[in-house]
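Encoded as structure tokens, the structure appears first; notes follow it.
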Amino acid sequence: MSDYLLEARGIVKNYGHVEVLRGADFTVRAGQVTALIGDNGAGKSTLVKILSGVMPPQGGQILLNGQPIQFDSPTHARDCGIETVYQDLALAPDLGPAENAFIGRELLKPGWLGRLGVLDKKRMRREAFATFTSLGTDVKDMDASVAALSGGQRQSVAICRSVMWAKGLVFMDEPTAALGVRQTRRVLDLITRVAASGVAVVLISHNMPEVLEVSQSIQVLRLGKRVAEFGSGASVDDLVGAMTGSLEVTA
């Protein structure tokens with residue numbers, strides 16, 4: 001049995017003559033927050049797209065629970081328990097939290113009503129509310145349009161939607177970007193609770209203090225390769241030094 005839920009070994013990806021990933025490694029343990037950091041152009045977004053099934057690598061190997069796997073599509077990755085919360089959240093603003101939670105996975109009423117395509121809105125609302133409540137969010141009205149919610153509440157909806165369906169791992173891309181202090185605090189607390197529930201979280205962020213606060217593992221990409229891995233005892237100077245190359249470390 002592997003120590004890692006998800007492992008990337010020597011991932012290679014080129015765009016024409018541009019080498020974006022040059023043998024990148026990355027590891028995720030179950031039930032932990034793992035931060036993926038690096039300067040702009042380090043290859044973070046490309047690596048996440050590969051690990052979430054958006055695009056295939058041109059070299060290297062991906063292992064899920066110790067078994068080699070090649071994700072054919074984002075749907076395949078989701079079927080394997082991997083969800084992604086993108087920076088734009090991908091929410092339908094005119095729908096409520098419960099409806100957003102079940103977009104593309106709507107529940108039908110039992111019996112002939114279901115065969116006619118009638119949605120079981122009460123059950124969807126009930127199950128969404130249970131997940132939102134278990135994760136301690138402040139989103140209480142499952143029917144209010146997402147457009148009427150605060151930025152932090154919308155982020156909570158996107159995170160809870162992913163947690164409802166993730167069997168193992170959620171990627172979160174800059175989840176506190178453009179949020180105020182109070183909303184950021186709630187989202188960071190939510191990330192901690194998600195990991196405590198047993199779902200691994202990969203946090204992509206440029207905010208070093210937040211990364212240090214919530215992450216058990218911090219892995220640094222620079223020029224398309226993992227150049228360092230830190231634990232919770234690292235400092236902002238350590239992270240910035242590894243990102244810029246001014247600190248000599250071993251991945």
Taking the side chain as everything from C-beta on, heavy atoms only, tell me whether [X] gets closer than 4.5 Å to [Y].
X	Y	value
Leu239	Leu212	yes
Asp25	Gln219	no
Ile37	Met208	yes
Ser150	Gln183	yes
Val211	Asn207	no
Pro97	Leu149	yes
Arg193	Ser134	no

**Asked** Glu210 and Thr176: side-chain hydrogen bond (donor to acceptor under 3.5 Å, both in side chains), yes or no, with the steps?
**Response** CA-CA 9 Å; Glu210 291 178 6; Thr176 62; 2.7 Å; yes

Under a 4.5 Å side-chain heavy-atom rule over Ile, Leu, Val, Met, Phe, Trp and Tyr, are [X] and [Y] clustered together?
X	Y	answer
Leu36	Ile11	yes
Ile62	Ile204	yes
Leu51	Tyr86	no
Val199	Phe171	no
Val163	Leu5	no

If you take all heavy atoms of [X] and [Y], which pair is closest and at what distance?
X	Y	result
Val12	Gly23	CG2-N, 3.8 Å
Met142	Arg125	CB-CG, 3.5 Å
Leu179	Gly152	CD2-N, 3.6 Å
Thr244	Arg222	C-CD, 3.9 Å
Met55	Thr46	SD-CG2, 4.1 Å

Side-chain donor or acceptor of [X] paired with backbone N/O of [Y] under 3.5 Å:
X	Y	result
Gln58	Asn14	yes
Asp238	Ser235	yes
Glu106	Gly104	yes

**Request:** Decide, yes or no, whether a salt bridge links Glu174 with Lys44 under the criterion of side-chain N to carboxylate O below 4.0 Å.
**Result:** no

Between [atom1] of [X] and [atom2] of [Y], what distance do you get to the nearest 0.5 Å?
X	Y	atom1	atom2	value
Gln216	Ile218	CD	CD1	9.5 Å
Leu91	Gln155	CG	CD	8.5 Å
Leu64	Leu6	CG	CG	6.0 Å
Arg9	Thr27	CZ	OG1	10.5 Å
Arg226	Leu21	CZ	CG	13.0 Å

**Message:** A quick test of your reading: do over 12 heavy atoms of other residues, nucleotides or ligands sit less than 6.0 Å from NZ of Lys122?
**Reply:** no

**Request:** Check whether more than 12 heavy atoms from other residues, nucleotides or ligands sit under 6.0 Å from atom NZ of Lys225, and answer yes or no.
**Result:** no

Pick out which of [options] makes a side-chain contact (heavy atoms from CB on, under 4.5 Å) with [X].
X	options	answer
Phe26	Leu221, Ile50, Val48, Thr34	Thr34
Ser162	Val170, Val201, Ile82	Val170
Val187	Ile159, Thr137, Thr192, Val214	Ile159

**Asked** Can you check salt bridge (charged side-chain N to carboxylate O under 4.0 Å, His left out) on Glu229 and Arg29, steps first, answer last?
**Response** CA-CA 13 Å; Glu229 181 174 2; Arg29 294 181 186 273; over 6 Å; no

